[in-house]
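Here's the structure we're looking at; comments come further down.
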Amino acid sequence: MDKVILKASKICKSYKNGDKNLSVLKDFSLEIMQNEIITITGQSGSGKSTALNILGTLDLPDSGLLEICGKEIKDLKENELSELRNANIGFVFQFHHLLSEFTAIENVLIPTWIKGIINKKNDAIQLFEKLNLASKINYFPNQLSGGERSRVALIRAIINKPDILFADEPTGNLDIKNAIVLIDLLKQINKDFNQSIILTTHNPDVALIGHRRFHLENGILHEQK
């Protein structure tokens, strides 16, 4: 039987806009299976990033339930939630958020250090080789191209072999060539590491990577047939 990695039920989220409430997500429900790629499209401001931040436990919903790897998020203490993020969740953002004072491989190894693992360097090197970055291991972020930084961020996101990878507009700042490379890498990671992936994009061509595809409009999630 397929394993459910993430289950969101009737998630609602709104923000204060002056003296009014701006409703961003309305009864947002989604279930993701192991090794499944889900894509969510929508216009800028449609709530895609808000949805991903909530699903990735970076933000809290106003109401609704979220379960990741069989754990109900609202029942977790802050240290338990931090452990879950580090062990079970990976993030790739439009802006890479690499630390400028660390080399590429040091940036990648930071999640393993947080987890208390000190022998992951060989695993990291293998991933650099797999993603054609072996010669850039000791480069600093400002010495890398945009496409190279995106691949380093991707390695960092998967170094702890998380169950689920969240990618928020990962091709947004890339040219067409590097966007294609990144999408191919995500498909390869999904296949090779059996990882579930949730990806948001405003690009319908990028969304085709999804085994299931959704569209977010007016706070409501619609599955595309």
Side-chain angles (χ1 to χ4, degrees), residues 5-6 8 11 13 15 22 24-25 28-32 36-61 64 66 68 73 81-82 84-86 88-99 107-108 110-111 131 141 146-160 162-176 178-190 193 195-217 219-224:
I5 295 297
L6 180 148
I11 298 290
K13 184 70 175 181
Y15 294 100
L22 176 63
V24 181
L25 300 177
F28 182 105
S29 297
L30 185 63
E31 191 170 273
I32 297 143
E36 184 176 33
I37 301 177
I38 296 289
T39 55
I40 301 174
T41 55
Q43 298 297 318
S44 295
S46 63
K48 300 188 304 298
S49 293
T50 297
L52 218 61
N53 285 341
I54 290 174
L55 296 178
T57 75
L58 298 178
D59 195 4
L60 294 172
L66 176 63
I68 297 177
I73 298 306
L81 189 55
S82 296
L84 177 76
R85 287 192 197 108
N86 187 249
N88 302 102
I89 297 173
F91 293 97
V92 179
F93 301 99
Q94 180 176 350
F95 302 99
H96 312 106
H97 299 301
L98 299 177
L99 299 178
N107 267 281
V108 162
I110 287 171
L131 272 64
E148 289 166 345
R149 287 195 294 270
S150 69
R151 279 180 279 164
V152 172
L154 185 56
I155 297 172
R156 181 183 59 187
I158 65 172
I159 188 65
N160 279 340
D163 294 281
I164 187 164
L165 178 66
F166 294 94
D168 189 12
E169 295 278 6
T171 63
N173 285 333
L174 299 178
D175 58 32
I176 293 175
N178 280 308
I180 292 171
V181 168
L182 185 62
I183 290 302
D184 286 342
L185 289 173
L186 287 171
K187 289 193 286 189
Q188 182 180 341
I189 286 166
N190 169 253
F193 299 104
Q195 284 179 328
S196 304
I197 298 172
I198 305 179
L199 181 149
T200 63
T201 181
H202 64 272
N203 187 328
D205 293 329
V206 172
L208 294 176
I209 187 179
H211 299 133
R212 287 190 293 145
R213 298 182 290 278
F214 295 83
H215 185 72
L216 187 59
E217 187 174 11
I220 299 172
L221 192 67
H222 304 275
E223 185 165 4
Q224 306 292 288

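Between the side chain of Asn107 and the backbone N or O of Leu98, no donor-acceptor pair lies under 3.5 Å. Side chain of Lys13 to main chain of Leu25: no donor-acceptor pair is present (N/O by atom type, distance under 3.5 Å, no hydrogens or angles).
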Applying side chain to side chain contact (heavy atoms under 4.5 Å, CB included), run through Thr39 and Phe214 and close with a yes or a no.
CA-CA 6 Å; Thr39 55; Phe214 295 83; over 6 Å; no

task = Begin from the C-alpha positions of Phe91 and Leu58 and carry the test side chain to side chain contact (heavy atoms under 4.5 Å, CB included) through to its verdict.
result = CA-CA 10 Å; Phe91 293 97; Leu58 298 178; 3.7 Å; yes

- Task: List the steps, then state whether side chain to side chain contact (heavy atoms under 4.5 Å, CB included) holds for Asn190 with His211.
- Result: CA-CA 11 Å; Asn190 169 253; His211 299 133; 3.6 Å; yes

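Considering CD1 of Ile40 and CD of Glu169, their distance stands at 11.0 Å, rounded to 0.5 Å. Separating the CG atom in Leu185 from the CD atom in Gln188 is a distance of 6.0 Å, to the nearest 0.5 Å. Atom OG1 in Thr201 sits 12.5 Å away from atom CZ in Arg213 (nearest 0.5 Å). Here the CG atom belonging to Leu216 is positioned 11.0 Å from the CG atom belonging to Leu52, to the nearest 0.5 angstrom. In this structure, the separation between CD1 on Ile5 and OG on Ser196 is 4.5 Å, given to the nearest 0.5 Å. Between the CG atom in Asn203 and the CD1 atom in Ile209 there is a gap of 11.5 Å [rounded to 0.5 Å].
Looking at Tyr15 and Thr50, their side chains come closer than 4.5 Å, going by heavy atoms from C-beta outward. The closest side-chain heavy-atom distance from Leu165 to Leu154 is below 4.5 Å. By the 4.5 Å heavy-atom criterion applied to side chains, Pro204 and Thr41 are not counted as neighbours. A 4.5 Å side-chain heavy-atom check between Ile89 and Asp163 finds every atom pair outside the cut-off. Inter-residue side-chain proximity for Leu199 and Ile183 is flagged as met; some heavy-atom pair is nearer than 4.5 Å. With a 4.5 Å cut-off on side-chain heavy atoms, Gln224 and His222 count as touching. Two residues are said to be in side-chain contact when any heavy atoms from C-beta on lie closer than 4.5 Å; Ile68 and Ile73 meet this criterion. Looking only at side-chain heavy atoms (C-beta outward), Ile197 and Ile38 stay at 4.5 Å or farther from each other.
Gly90 approaches Pro162 most closely through the heavy-atom pair N-CB, 3.6 Å. Between Asn86 and Pro111 the shortest heavy-atom distance is ND2-O, 3.2 Å. Nearest heavy atom pair, residue Leu55 against residue Leu66, reads O-CD2, 3.8 Å.
Checked by atom type, the side-chain pair Gln43/His202 shows no donor-acceptor distance below 3.5 Å. Looking at Thr57 and Arg85, their side chains do bring a donor and an acceptor atom within 3.5 Å of each other.
In this structure, Glu36 pairs ionically with Arg212, as a charged nitrogen and a carboxylate oxygen lie closer than 4.0 Å.
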